Amino acid sequence: MVDETKGSLSGLNEEEAMEFHGVFMTSMMGFLAVAAVAHVLAWMWRPWGV
């Protein structure tokens with residue numbers, strides 16, 4: 001029988017979790033950069049809150 005009290009909820013070991021975290025953070029920063037540029041361009045096109 002498998003001991004469910006050990007390990008992580010995701011089933012990843014420490015190395016796999018760190019690798020996933022790195023990829024996740026990189027892709028999140030890329031998404032935020034694209035979103036920021038899109039917001040700046042939209043504001044330049046039609047300013048809001050002015």
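Since the structure is predicted, the reported quantities are computational estimates derived from the model, not experimental observations.
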Undergrad: Check side-chain contact (heavy atoms from CB on, under 4.5 Å) between E19 and all other residues, then give those that pass, not counting sequence neighbours.
TA: none

Undergrad: Should we count CH2 of W45 as having more than 12 external heavy atoms under 6.0 Å?
TA: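 Incorrect, the count does not exceed 12.
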
Undergrad: Among residues at least two apart in sequence or on other chains, which ones pass side chain to side chain donor-acceptor pair (under 3.5 Å) with S10?
TA: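 Checked S10 against side chain to side chain donor-acceptor pair (under 3.5 Å); matches are S8.
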
Undergrad: Would you compute the distance between atom CZ of F24 and atom CE of M29 and round it to the nearest 0.5 angstrom?
TA: 9.5 Å

Undergrad: Mind checking the CG-NE2 spacing from L32 to H39? Nearest 0.5 Å is all I need.
TA: 11.0 Å

Undergrad: Are M44 and W48 connected into the same hydrophobic cluster when the rule is that any two of I, L, V, M, F, W, Y join if their side-chain heavy atoms are below 4.5 Å apart?
TA: yes

Undergrad: Would the number of heavy atoms belonging to other residues, nucleotides or ligands and lying under 6.0 Å from CE of M28 be above 12?
TA: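 Count over threshold, so yes.
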
Undergrad: Linking I/L/V/M/F/W/Y whenever any side-chain heavy atoms sit under 4.5 Å apart, do V34 and V37 land together?
TA: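 Hydrophobic grouping puts V34 apart from V37.
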
Undergrad: Can you get from V50 to V40 by hopping between Ile, Leu, Val, Met, Phe, Trp and Tyr side chains that sit under 4.5 Å apart?
TA: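 Yes.
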
